[in-house]
Structure formats: structure tokens, C-alpha cells
Amino acid sequence: MMDKVIFDSAKFPAGEVIALACGYESLTEIVFTNEKIAVQIEAKTGTVEFFDLESNKLLSAKVETPSAGDEKFSEVKCSIECEQIALGFPQYDYVDNYPHCDGEHDRWTKITTGFTFLRYDYRNNCIVTEG
């Protein structure tokens with residue numbers, strides 16, 4: 001089972017941060033309607049797979065998951081830039097709320113400090129590296 005989300009790049013030209021399934025279920029499919037591409041992101045492993053809308057697998061990639069805190073991604077920033085799907089994976093920092101907390105459930109606050117982007121060229125079916 002996976003969460004499914006629709007991303008319409010015409011409605012969000014500057015991009016949008018989308019919450020990922022990151023609990024017991026940690027697979028999210030984001031459908032880029034205008035680009036006719038679906039992306040599946042596994043929040044706990046960093047596996048990213050690209051599909052056409054007929055569910056044919058086009059390409060796979062892997063991003064490094066956070067090594068601190070809960071060791072998973074909670075969201076991804078989606079945008080379209082120069083015929084590329086840009087997936088921004090957050091860099092996190094954690095704030096210790098001790099002694100102003102009620103227990104472990106609210107001890108730490110997760111803060112996004114920036115994004116590391118994976119760029120997929122959907123015209124040429126390749127990952128674009130920045131140099």
C-alpha cells in the first residue's frame with residue numbers, strides 16, 4: 001500500500017513541499033500530471049523510482065537518508081525546472097526541548113534547514129548531475 005499525491009506544476013510554478021508517508025507505511029507516489037511521470041519515494045530507504053503513467057519503470061535512483069534523528073524523510077519539495085523534475089530532499093536539524101517537554105514524544109523538534117536536489121530529465125530519461 002502507498003500514499004498517492006497529485007502534483008500540478010501549472011498550479012505551483014515555484015514548487016510545493018509534499019508530505020511523505022513515513023510511518024508504518026513509507027511509500028509515496030507523486031504523479032506529475034503535466035509531465036506525465038509518476039515518482040515513487042520510499043521515505044525510510046531513500047529509494048526513488050520514476051514511471052510513465054502506464055506504470056512502466058523508467059529509472060531508479062537512491063538518495064542518502066538522514067543519519068541522525070528519525071533517519072527518514074518526512075517531506076519532499078517538488079518543482080519543475082527546465083524540463084526536469086526537481087525533488088528536494090530536506091536536510092534536518094533537531095532542537096532539544098528539554099526541560100520544556102512532557103516526555104520523549106515532544107522532546108525533539110525536527111527543523112528543515114535546506115534541501116538537496118535530485119533532478120530527473122524526463123525528456124532524456126536521465127538523472128542530471130550538477131557540476
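As the structure is a computational prediction, the values presented were derived from the model and not from experiment.
Between Glu42 and Thr45 the shortest heavy-atom distance is OE1-N, 3.0 Å. Of all heavy-atom pairs spanning Cys78 and Ile30, the tightest one is SG-CD1, 3.8 Å. Residues Ala38 and Leu53 share a closest heavy-atom pair of N-CD2, 4.3 Å. Minimum heavy-atom separation, Ala21 to Ala43: O-CB, 3.4 Å. The two residues Ile80 and Glu35 come nearest to each other via the heavy atoms CG1-OE2, 3.4 Å.
Residues Val48 and Ile6 are members of separate hydrophobic clusters, defined by side-chain heavy-atom contacts under 4.5 angstrom among Ile, Leu, Val, Met, Phe, Trp and Tyr. Criterion: ILVMFWY side-chain heavy atoms under 4.5 Å apart, direct or through other members. Under it, Ile18 and Phe73 are part of a common hydrophobic cluster. Hydrophobic clustering (ILVMFWY, side-chain heavy atoms < 4.5 Å, transitive): Phe51 and Phe32 are in distinct clusters.
Side-chain atoms of Asp96 come within 3.5 Å of backbone N or O of Tyr98 as a donor-acceptor pair. Looking at Lys72, its side chain does come within 3.5 Å of a backbone N or O of Cys22 through a donor-acceptor pair. Side chain of Tyr92 to backbone of Gly114: no donor-acceptor contact under 3.5 angstrom is found. Between the side chain of Asn97 and the backbone N or O of His100 there is no donor-acceptor pair closer than 3.5 Å. The backbone N or O of Asn56 sits nowhere less than 3.5 Å from a side-chain atom of Glu54 that would complete a donor-acceptor pair.
Annotation: the span from Glu75 atom CD to Ile41 atom CD1 amounts to 11.0 Å, rounded to 0.5 Å. Residue Asn124 holds its CG atom at 8.5 Å from CD of Glu83, rounded to the nearest 0.5 Å. Of the inter-residue distances, the one linking Met2 atom CE with Leu27 atom CG reads 4.5 Å to the nearest 0.5 angstrom. A distance of 12.0 Å separates CG in Leu87 from OG1 in Thr116, rounded to the nearest 0.5 Å. With rounding to the nearest 0.5 Å, the separation of CD1 in Ile37 from CG in Leu59 is 10.0 Å. A distance of 9.0 Å separates CD1 in Ile111 from OG1 in Thr113, rounded to the nearest 0.5 Å.
Asp70 and Tyr94 share a side-chain donor-acceptor pair at under 3.5 Å. With 3.5 Å as the limit, one finds no donor-acceptor pair spanning the side chains of Gln40 and Thr28. Between the side chains of Gln91 and Thr112, no donor-acceptor pair is found at a separation under 3.5 Å. In this model, no donor atom of one side chain and acceptor atom of the other lie less than 3.5 Å apart for Thr65 and Glu71. A donor-acceptor contact under 3.5 angstrom links the side chains of Tyr120 and Asn125, judged on distance only. For the residue pair Asn34 / Asp8, a side-chain donor-acceptor distance below 3.5 Å is found, with atom types taken as modelled.
You'll find the side chain of Leu118 stays beyond 4.5 Å of the side chain of Val128, heavy atoms only. Two residues are said to be in side-chain contact when any heavy atoms from C-beta on lie closer than 4.5 Å; Phe50 and Ser60 fail this criterion. Taking the side chain as every heavy atom from C-beta outward, Ser26 and Lys44 approach each other to under 4.5 Å. Val39 places none of its side-chain heavy atoms less than 4.5 Å from the side chain of Tyr122.
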**Request:** Starting from the C-alpha separation in whole Å, work towards a yes-or-no answer on side chain to side chain contact (heavy atoms under 4.5 Å, CB included) for Asp3 and Leu20.
**Result:** CA-CA 8 Å; Asp3 279 2; Leu20 296 175; over 6 Å; no
**Item:** Derivation of the side chain to side chain contact (heavy atoms under 4.5 Å, CB included) call for Phe117 and Val63
**Value:** CA-CA 9 Å; Phe117 283 89; Val63 293; over 6 Å; no
**Request:** Apply side chain to side chain contact (heavy atoms under 4.5 Å, CB included) to Lys77 and Phe89, showing your working.
**Result:** CA-CA 7 Å; Lys77 182 174 184 179; Phe89 291 91; over 6 Å; no
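More than 12 heavy atoms of other residues, nucleotides or ligands shown are found within 6.0 angstrom of NZ on Lys110. For Lys36, the NZ atom counts as loosely surrounded, since its 6.0 Å shell holds 12 or fewer non-hydrogen atoms of other residues, nucleotides or ligands.
Using cut-offs of 30° and 60° for the angle between ring planes, the Phe12 and Phe7 rings count as parallel.
Under the 4.0 Å criterion applied to side-chain N and carboxylate O atoms, Glu81 and Arg119 are assigned as salt-bridge partners. Glu49 has a carboxylate O that lies under 4.0 Å from a charged side-chain N of Lys57, or vice versa, which qualifies the two as a salt bridge.
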